[in-house]
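Every heavy atom of this structure was used, including side-chain atoms; hydrogens, water molecules and symmetry mates were not. Chain identifiers are assigned alphabetically (A, B, ...) following the order of the sequence lines, protein sequences preceding nucleic acid strands; residue numbering begins at 1 within each chain.
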Protein chains: 2
Amino acid sequence: MRTYGQYCALARGLDLVGDRWTLLVVRELLSLGPSRYADLQRGLPGIATNLLANRLREMEAAGLVSRTELPRPVNATVFALTERGAALEGVVREFVKWGAPLMSPPGPEEAFRAHWLLIPLRALCRDNTPNAPAQVVRVGSADDGCDIAVGTGVVEVTASSPSTMVDATVDGDPGALVALFTGQIPVSAADAAGMIAGDIDAVRRVIGGMPAQMPPPAGATS
Amino acid sequence: MRTYGQYCALARGLDLVGDRWTLLVVRELLSLGPSRYADLQRGLPGIATNLLANRLREMEAAGLVSRTELPRPVNATVFALTERGAALEGVVREFVKWGAPLMSPPGPEEAFRAHWLLIPLRALCRDNTPNAPAQVVRVGSADDGCDIAVGTGVVEVTASSPSTMVDATVDGDPGALVALFTGQIPVSAADAAGMIAGDIDAVRRVIGGMPAQMPPPAGATS
DNA sequence: CTGGATCCGGGAAGATACTG
DNA sequence: CAGTATCTTCCCGGATCCAG
């Protein structure tokens with residue numbers, strides 16, 4: 001293993017998770033929960049298959065990931081974060097917060113998965129009408145997305161599950177999706193763009209009126 | 001610049017600061033404040049000189065670092081974090097928290113600089129006797145270390161400055177220093193080991209009785 | 001002396017093909 | 001499905017050299 005050789009908590013931490021792709025694997029496992037190899041590959045477009053296998057081995061050796069072989073007839077391998085690996089959530093959350101101002105509209109070559117929004121949505125969503133009955137808003141699709149469950153003021157965001165009944169679904173191009181949840185475009189505009197299906201009030205209910213995190217375009221008057 | 005090509009705040013953040021050494025450069029600039037090239041080199045043992053120059057250029061291009069050429073007769077270059085670069089403090093803090101359990105005693109090959117303790121000390125130190133007059137405890141030396149200033153319950157940790165008058169100085173081998181401030185060894189033991197010069201009560205004053213963060217050795221009874 | 005640039009070897013990362 | 005094998009590319013690490 002490559003090490004910085006420094007007796008410093010940051011350096012020792014980076015010795016374990018500073019390699020390329022490692023924190024993105026953590027993101028996947030934090031978002032999706034225990035996952036199979038092929039699911040991780042789908043959530044990590046651009047990673048070489050041998051590299052994913054290497055990372056999973058290294059992370060297992062470092063005690064961050066556990067590997068479970070399911071017996072017949074399932075015959076699958078499931079990767080999950082250990083407690084120590086899940087403890088990286090704080091690091092990832094701070095990173096996402098720091099990266100938020102970088103979320104200008106995506107380039108044409110850039111990949112997108114709706115479940116990547118899970119960690120940001122946990123920080124962004126609110127229950128604006130806590131006295132209303134519980135509702136679920138889906139972002140993305142049943143195959144790849146997040147389910148935002150609200151009720152009694154509590155918000156829970158999970159990876160979307162096909163078996164969950166939802167009150168509304170929000171989908172569309174990635175840049176618009178991010179702009180909607182960061183409050184840069186109003187719900188009405190998203191609806192006019194055909195991004196919303198189902199109960200539009202459920203969507204209004206969960207969107208926190210967060211002040212714009214993105215820097216204004218150069219030359220804009222503040 | 002190499003990129004993950006993912007429209008995700010974490011991936012875009014890692015595109016900027018995920019390269020090797022980058023976050024350690026941030027650590028140095030957060031701890032020392034504006035610094036010269038040679039100072040950064042001293043705080044980053046193991047880095048190749050060309051690599052440091054490359055990183056500083058890339059970080060400048062990314063808007064994380066500013067470069068100021070001081071005019072004659074000083075004729076030096078000073079590197080400092082921009083506001084955006086300084087905003088990485090949250091990421092670094094979470095990383096240090098996560099890395100704390102990794103701080104088992106250092107190996108013989110491992111480098112150490114006392115100013116690396118600055119960020120951890122900010123989380124660790126308290127003012128246990130807020131009504132006493134203000135005091136300063138130095139960790140390490142005037143050349144490389146931290147000054148912990150306490151008074152009226154407020155703790156401020158800065159890089160050590162030769163012009164600061166201190167009430168006590170703590171120094172010694174790196175593992176013992178970490179053990180002392182994480183509460184794994186008592187002040188009395190550190191004193192018996194000759195680690196403390198000056199007012200030992202000033203040292204007691206700043207050490208927070210933090211519960212042990214390190215995992216107990218295997219087989220230990222909890 | 002400070003703040004680098006240049007050159008080179010080794011190894012990590014990336015792309016693709018293939019397999020139990 | 002969950003990888004391995006192989007090849008290429010290029011980043012990193014170490015040493016040396018250099019301009020102001």
A.B. asks: Please confirm whether A:R20 makes a cation-pi placement over B:Y4, using NZ or CZ under 6.0 Å from the six-membered ring centre and within 45° of the ring normal.
C.D. replies: yes
A.B. asks: Can you find a heavy atom in the side chain of B:D171 that is under 4.5 Å from one in the side chain of B:M195?
C.D. replies: no
A.B. asks: Do the charged groups of B:D39 and B:R42 touch, with an N to O distance under 4.0 Å?
C.D. replies: yes
A.B. asks: Which residues in residues 31-58 of chain A have at least one heavy atom lying under 4.0 Å from any atom of DNA chain D?
C.D. replies: A:R36, A:Y37, A:A38, A:T49, A:N50, A:A53, A:R57
A.B. asks: With a 4.0 Å heavy-atom cut-off, tell me which residues in residues 17-27 of chain B come close to DNA chain D, sorted by residue number.
C.D. replies: B:R20, B:W21
A.B. asks: Checking all strands, does A:F79 fall into the base, sugar-phosphate, or nothing category for heavy-atom contacts under 4.0 angstrom?
C.D. replies: sugar-phosphate
A.B. asks: Angle between ring planes, A:F95 versus B:F95, binned at 30° and 60°: parallel, tilted or perpendicular?
C.D. replies: perpendicular
A.B. asks: Any pair with a residue in residues 140-150 of chain A that passes side-chain hydrogen bond (donor to acceptor under 3.5 Å, both in side chains), sequence neighbours left out, goes on the list, sorted by first then second residue, please.
C.D. replies: A:H115-A:D144, A:R138-A:D147
A.B. asks: Want to settle it: does A:T77 or A:Y4 sit nearer the 5' end of DNA chain D, counting the closest nucleotide to each?
C.D. replies: A:T77
A.B. asks: One thing to verify: whether B:E110 and A:R12 come together as a salt bridge, which I'm taking to mean a side-chain N less than 4.0 angstrom from a carboxylate O.
C.D. replies: yes
A.B. asks: May I ask you to decide if B:G145's main-chain N or O and B:S160's side chain share a donor-acceptor pair within less than 3.5 Å?
C.D. replies: yes
A.B. asks: For DNA chain C, note the earliest and the latest nucleotide, 5' to 3', having some atom under 4.0 Å of a heavy atom belonging to chain B.
C.D. replies: C:dT2 to C:dG14
A.B. asks: Specify whether A:Y7 and B:F112 have parallel, tilted or perpendicular ring planes, treating 30° as the upper limit for parallel and 60° as the lower limit for perpendicular.
C.D. replies: tilted
A.B. asks: Going by atom types only, do A:R27 and B:Q6 share a side-chain donor-acceptor pair under 3.5 Å?
C.D. replies: yes
A.B. asks: Please work out which residues in residues 61-71 of chain B have a non-hydrogen atom less than 4.0 Å from an atom of DNA chain D and list them by number.
C.D. replies: none
A.B. asks: To the nearest Å, give me how far apart CZ (B:R2) and P (D:dC10) are.
C.D. replies: 10 Å
A.B. asks: Can any side-chain N or O of A:T164 pair as donor or acceptor with the backbone N or O of A:P162 at less than 3.5 Å?
C.D. replies: no
A.B. asks: Check this for me, if you would: do A:R57 and A:E60 make a salt bridge, where the nitrogen-to-carboxylate-oxygen distance has to be below 4.0 angstrom?
C.D. replies: no
A.B. asks: For DNA chain C, please output the secondary structure as dot-bracket, reading 5' to 3'. Pairs are Watson-Crick or G-U wobble, both atom distances under 3.5 Å; mark crossing pairs with [ ], other-strand partners with |, unpaired with a dot.
C.D. replies: |||||||||||||||||||.
A.B. asks: State, with a plain yes or no, whether a side-chain heavy atom of A:E69 is found less than 4.5 Å away from one of A:R67.
C.D. replies: yes
A.B. asks: Between B:L29 and B:S35, is there a side-chain heavy-atom distance shorter than 4.5 Å?
C.D. replies: yes
A.B. asks: Just do the side chain to side chain contact (heavy atoms under 4.5 Å, CB included) check on B:L124 and B:T182 with the steps written out, would you?
C.D. replies: CA-CA 7 Å; B:L124 256 23; B:T182 54; 4.2 Å; yes
A.B. asks: Between B:W98 and A:R84, is there a cation-pi geometry (under 6.0 Å to ring centre, at most 45° from the normal)?
C.D. replies: yes
